[in-house]
Structures are given as structure tokens and as C-alpha cells.
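Okay, so here's the structure we're looking at.
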Amino acid sequence: MSRIVIKVGSSLLVDPAGEVRRDWLATLVTDVAMRRARGDEIIIVSSGAIALGARKLGLAKGGRASLEDAQAAAATGQIALSQCWADLLDGHGITAAQMLVTLDDLEDRRRYLNASATLDRLIGLGVVPVINENDSVATEEIRFGDNDRLAARIGQAAGAERVILLSDVDGLFTADPTRNPDAKRIETVKRIDQRIAGMAEEGTSSGMGSGGMGSKIEAARIAASAGADLIIVSGKHDHPLDRLDAGGCGTLFMAKGNARARKAWLAGRLTVRGRVTVDAGAVKALMGGASLLPAGARSVEGKFARGDVIDIAGPDGTAFARGLSEYDAEEAALVCGKRSEELADLLGHAPRAALVHRDHMVLL
Ligand code: GLU
């Protein structure tokens, strides 16, 4: 069983006339349903809103002539795009959920936690999240601009093992395969070095979406340091996931480590803002892989906000773990030592189950 993010590029979803390629999409959704049936957890990152909306509104340059055009096209196309995914997934008895996110939602630590918790909950409920950038409100400064990096960030927030970028190119080639017949496909990349980055510059892009090979390599970098493999593969064929499993296509960028690398990244990139001391029972539970619940906490120090990194210390005062706090310092102090049933009354709002969730915690 794995958690997999599948990104679908605009040129696969939308034909040159600006219509959804529904027949093809149906084959992809069948592949998704099959993988879910065998236990995989799937998250979709779908492009295509701008391309679809541009056609509906009759906008020039595929809706990308100006930021205002792109925003209007995205708002118009997104509703049709979601409907399409929802219909096709429903045909397999699968419920779809839409999440539209901006760069800020995944960079800001609080909102990163929110997105991560929502994804987790949706997956727990057996739903397939369908995600796109919230292009209708995203301005130039806060845009990802391409769904390749968005997919990698979502993979990170969801703790995915694998990110698959379904594209109109069949992976990374030593040169542009449309111009150079000697171009060879790279099967596996262990480390993204100068040579690999150089090849990316020669890569191709259909011109419909916004991500070329450069943004795919950036996505691979993000995924690798988050502990997820990333695959770039052509989605031009029917049943693209079956084709991928059959082998002989695409490029695999290997993760730097396992899920522990993701946690190391998580803890390493941020400054520690506070500390919570826990009882011996909580030390044991955390060592065994559990989340830190308020009941196990004894005292709270420091000024930290939800999403900040805090140290977790045992009764002897030694920090043995570190993670993202689900609560602000004041609230954390309030819920310290309290049982889960008491939290809602104390806080006056629906509580977060954990003080530090195990997915956002690393043992030192
Ligand atoms: N978010 C854009 C859309 O839905 C696509 C971005 C991309 O091409 O990667 O149209």
C-alpha cells in the first residue's frame, strides 16, 4: 500500500480545441480505481482549468495573455474540471473532493499543517482529493505557476511515497527527443547534479501548460528531499498508470531516503521556538511511534505559534523529539495534562487531537 500523488498536465486533459479529453481521462480514472482497490491511497493534482476556461471565454493565447485573463479562465475552467473528475470517479463509486491551494498555503507553517491535516482526513474517509492551484486569486508573487512543483509540495504535505507527473514527454532525455534522434531516455536518477539539470534545459514543453522540464526537475528536488520518489512519464497513452507499471518508460528520480528524510527536512529547516515536557508514559508512547497527546504533557515553555517547531523533553529534561506544534503556546499550556474529552470545553472550539502529530515529529 502506498500513498501516491498523480499530477495530470493540461495538454493531456484538454485537446487543442479546448475540450476535455474525457475518453482518455476515463482510462486514467479506471487505473486509479484499480490501484485504490488494491489499497493505494491516491491524490490527484489536476491542471487544465486555464486551458478549459480560455476556450469557454474565447480568450487569446490559451488564457495566458495577462494575469487577469488567466484568473478569469481558471475560475471558469475549474468548475468544469472538478465536475468532470467528480463524475468519472463517481462512476467507480469513489467520492472526489476539491482543494484549491496557493503557494502560501504550503509555505506558511500553520496553513501547511491545515492542508496536511485536511489531506489526511480526506484520505482517511476514503475520498480522492483533486487539487489545483487557486489560480483565480493567486497573483504573480504568490503563484506556483506550474502544477509540477505544486504536486511535489502536496506529496510532501501528504507524506506520499511517490509523485507521478503524467506529462506529454516520456521522461528526461539526454537531448530534446523531438529534434535529436540520438536522444536517450534516462531511466533512473539517483542525484540531481549539473549534468541532469543541463539535460532539463533542453527538454520540451507542449506550450499549453506552464511547466517545462525545468519545473519538473525542481519538483523532483522537492520530492527527493521530502523522501518521495518522483516519476516523469508520458500520459499520452490510454491507461497511463498500467503502462507505467508494465515498465520501459519514464524517468524515476529516487528519494533521498525514506519517510525519515521528510521528517529530517521538516525539523531541520525551522528554528525551535519552544519546548514541552512530557511524562514517562508519553516518552514511551512517542518512542513507539505515537503522536503526543495533551494528556501526556506536563509543562510548556517558550513563545510559539501553531506550526512552529518545538522540542519535546522527558521528565529528566532531555529533549528526545522535535516536531511541529498543533497548538499556540497559550493553548498548549491550557490543554497540558488534559484528557481529550476536556479539550473542547477548555478551548471553546473543536480541538486538534494531538499536540504534536507523529507525521510531523522526528525522534532525536
Ligand atoms: N493550474 C493551471 C491550470 O489549472 C495549470 C498549471 C500548469 O500548467 O502546470 O490551468
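Every number for a ligand or one of its atoms is a count from 1 in the order of the listing. The structure displayed is predicted, hence computed values, not measured ones.
- Counting only N and O atoms by type, the side chains of Asp170 and Ser234 include no donor and acceptor under 3.5 Å apart.
- Side chains of Ser47 and Asn147: a donor-acceptor N/O pair is present below 3.5 angstrom, by distance only.
- No side-chain donor-acceptor contact under 3.5 Å links Thr30 and His239.
- Against a heavy-atom cut-off of under 4.0 Å, Ser47 is close to the following atoms of ligand 1: 4 (O), 5 (C), 7 (C), 9 (O).
- Residue pairs meeting the side chain to side chain donor-acceptor pair (under 3.5 Å) criterion with at least one partner in residues 286-298, sequence neighbours excluded, are Asp279-Arg298.
- Residues Asp176 and Thr178 have side chains that bring a donor and an acceptor to within less than 3.5 angstrom of each other.
- By the criterion of a heavy-atom distance under 4.0 Å, both the backbone and the side chain of Ile50 are placed next to ligand 1.
- The Ala49 neighbourhood of ligand 1 comprises atoms 3 (C), 4 (O), 10 (O), with distances under 4.0 Å to a heavy atom of that residue.
- For the pair Gly48 and ligand 1, a heavy-atom separation below 4.0 Å is found.
- Residue contact annotation: Lys216 has no non-hydrogen atom under 4.0 Å from ligand 1.
- Proximity to Asp135 (heavy-atom distance under 4.0 Å) selects the following atoms of ligand 1: 1 (N), 2 (C), 3 (C), 4 (O).
- Applying the salt bridge (charged side-chain N to carboxylate O under 4.0 Å, His left out) test to every pair with at least one member in residues 115-132, sequence neighbours left out, gives these pairs: Arg3-Asp120.
- Close N/O approach between Ser46 and ligand 1 is not found [any backbone or side-chain N/O within under 3.5 Å].
- At a heavy-atom cutoff of 4.0 Å, ligand 1 is contacted by no atom of Leu81, backbone or side chain.
- Side-chain atoms of Gln71 and Asp135 form no donor-acceptor pair, as typed in the model, at a separation below 3.5 Å.
- Near Asp146, the atoms of ligand 1 lying under 4.0 angstrom from a non-hydrogen atom of the residue are 7 (C), 9 (O).
- Remark: ligand 1 and Asn147 share an N or O pair separated by less than 3.5 Å (distance only, no angle test).
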